[in-house]
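A short write-up of the structure that comes next.
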Amino acid sequence: MSKLYVIPTPIGNLDDITLRAIKVLATCDLILAEDTRTTAFLLKHLQIQKPIKSYHQHNEHKVLEEVIHALQSGQTIGLVSDAGTPAISDPGFLLVREAIKNNIETICLPGPTAFVPALVNTGFPCNEFSFYGFLPQKKGRQTKLKELAAEQKTFILYESPFRLVKLLEELRVVFGESRRVAVCRELSKLFEETRIGNFNELITHYKSKPAKGEIVVVVEALKANSKTDLIEN
Ligand code: SAM
């Protein structure tokens, strides 16, 4: 029977591929890849040879029907993105939704994603949390920031290093200077770093030493701050 597998791939360290991901990649008839070159490199590293077809945010609507037909005809298809779990700030949601609508068995393998290690590395409360991915860059950004003002849980954002200081400054306006925040860089890579402080401290730091690499921003839950205040008082 045909299946759609959503297959997480490493976010930096190639050793983070799971044994199951390797097995499933080796059994797929076709791999859908966000960037065929990146996936070809990974498959070569794993010594797996499979047909790879491009599936990214600019063609996902166009190829959707064709992929569903291939699944209906009995093919097992694996979906990968450049890094981490497809559909998490990456293409994938549309295909999974359509596959489910068409009664195609869909299985997302557990595996690498940036926001989980980032969240856990901070030591911020993580029994409940929110994930927002990238904020809109222009249209809708201010609305989203206003929406975030009501957020009481620890929350997670993805951001490019070039826009990090701007984002921290915008969040400082919403949450105040003393709210704690973490910048998690280069997870699973050689220069992995988690820097925790209040908005003022991190803005000063990254203004003098611009951030490089891939970044997750985690803002501490409101309740955690008030608990700390109680202890300190
Ligand atoms: N699908 C991916 C996942 O499961 O996390 C996310 C893909 S999204 C296009 C890329 C963003 O994820 C980066 O801009 C960064 O915010 C975050 N990211 C990916 N790899 C990372 C890493 N090694 N360290 C820190 N952040 C990372």
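Not measured: the values here are computed from a predicted model. Just so you know, residue 1 is the first one in the sequence shown, and it goes up from there. One-based numbering, in listed order, for ligands and for the atoms of each.
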*Using a 4.0 Å heavy-atom threshold (strictly under), name the region of Ile215 that reaches ligand 1: side chain, backbone, both or neither.*
backbone
_Salt-bridge present (Glu147, Lys144; N to O < 4.0 Å)_ = yes
*Specify the protein heavy atom at minimum distance from atom 18 (N) of ligand 1: its residue, its atom name, and the distance to 0.1 Å.*
Ala114 CB, 3.5 Å
*Calculate, to the nearest 0.5 Å, the distance between atoms CD and NZ belonging to Glu66 and Lys53 respectively.*
4.0 Å
_Neighbour count above 12 (heavy atom, 6.0 Å) for Lys189 NZ_ = yes
*Compare Phe134, Phe131, Phe115, Tyr158 and give the one whose heavy atom is closest to atom 5 (O) of ligand 1.*
Tyr158
*Just wondering, more than 12 heavy atoms not from Leu19 lying within 6.0 Å of its CG?*
no
*Has Ser188 got any heavy atom lying under 4.0 angstrom from an atom of ligand 1?*
no
*Distance from atom 3 (C) of ligand 1 to nearest protein heavy atom, with residue and atom*: Thr113 OG1, 3.3 Å
*Looking only at distance, does Gly12 have an N or O less than 3.5 Å from an N or O of ligand 1?*
no
*Numbering the atoms of ligand 1 from 1, which are under 4.0 Å from a heavy atom of Lys189?*
23 (N)
*Take the angle between the ring planes of Tyr158 and Phe134 and call it parallel below 30°, perpendicular above 60°, tilted in between.*
perpendicular
*Using a strict cut-off of 4.0 Å, indicate which atoms of ligand 1 neighbour a heavy atom of Ala83.*
1 (N), 2 (C)
*Exercise: identify the closest heavy-atom pair between Lys139 and Pro136*: O-CB, 3.3 Å
*Does any N/O atom on Arg185 come nearer than 3.5 Å to any N/O atom on ligand 1?*
no
*With under 30° as parallel and over 60° as perpendicular, where do the rings of Phe175 and Phe155 fit, or are they tilted in between?*
tilted
*Nearest to atom 8 (S) of ligand 1, what protein heavy atom do you find, and at what distance?*
Ser89 O, 3.5 Å
*Any side-chain heavy atom of Thr85 sitting closer than 4.5 Å to one from Phe115?*
no
*Of the listed options Asp90, Thr194, Val216, Asp82, closest to atom 26 (N) of ligand 1 (non-hydrogen atoms)*: Val216
*asked:* Does ligand 1 come near enough to Ile11 that some N or O of the ligand is less than 3.5 Å from an N or O of the residue?
replied: yes
*What residue and atom, counting heavy atoms only, is the protein's closest point to atom 22 (C) of ligand 1, and at what distance?*
Leu187 N, 3.6 Å
*asked:* As a test of understanding, state which of Asp35, Ile11, Leu42 forms a side chain to side chain contact (heavy atoms under 4.5 Å, CB included) with Asp82.
replied: Asp35
*Show which atoms of ligand 1 fall inside a sub-4.0 Å distance from at least one heavy-atom site of Thr85.*
1 (N), 3 (C), 4 (O)
*Please walk me through it: do Glu169 and Lys166 pass salt bridge (charged side-chain N to carboxylate O under 4.0 Å, His left out)?*
CA-CA 5 Å; Glu169 286 176 338; Lys166 177 178 176 248; over 6 Å; no
*Based purely on interatomic distance, does Ile88 place a nitrogen or oxygen under 3.5 Å from a nitrogen or oxygen of ligand 1?*
yes
*Which residue and non-hydrogen atom of the protein lie closest to atom 20 (N) of ligand 1, and at what distance in Å?*
Glu214 OE1, 3.3 Å
_From Leu25, Leu109, Ile7, residue fulfilling side chain to side chain contact (heavy atoms under 4.5 Å, CB included) relative to Arg20_ = Leu109
_Glu159 neighbourhood, listing ligand 1 atoms whose heavy-atom distance to it stays under 4.0 Å_ = 16 (O)
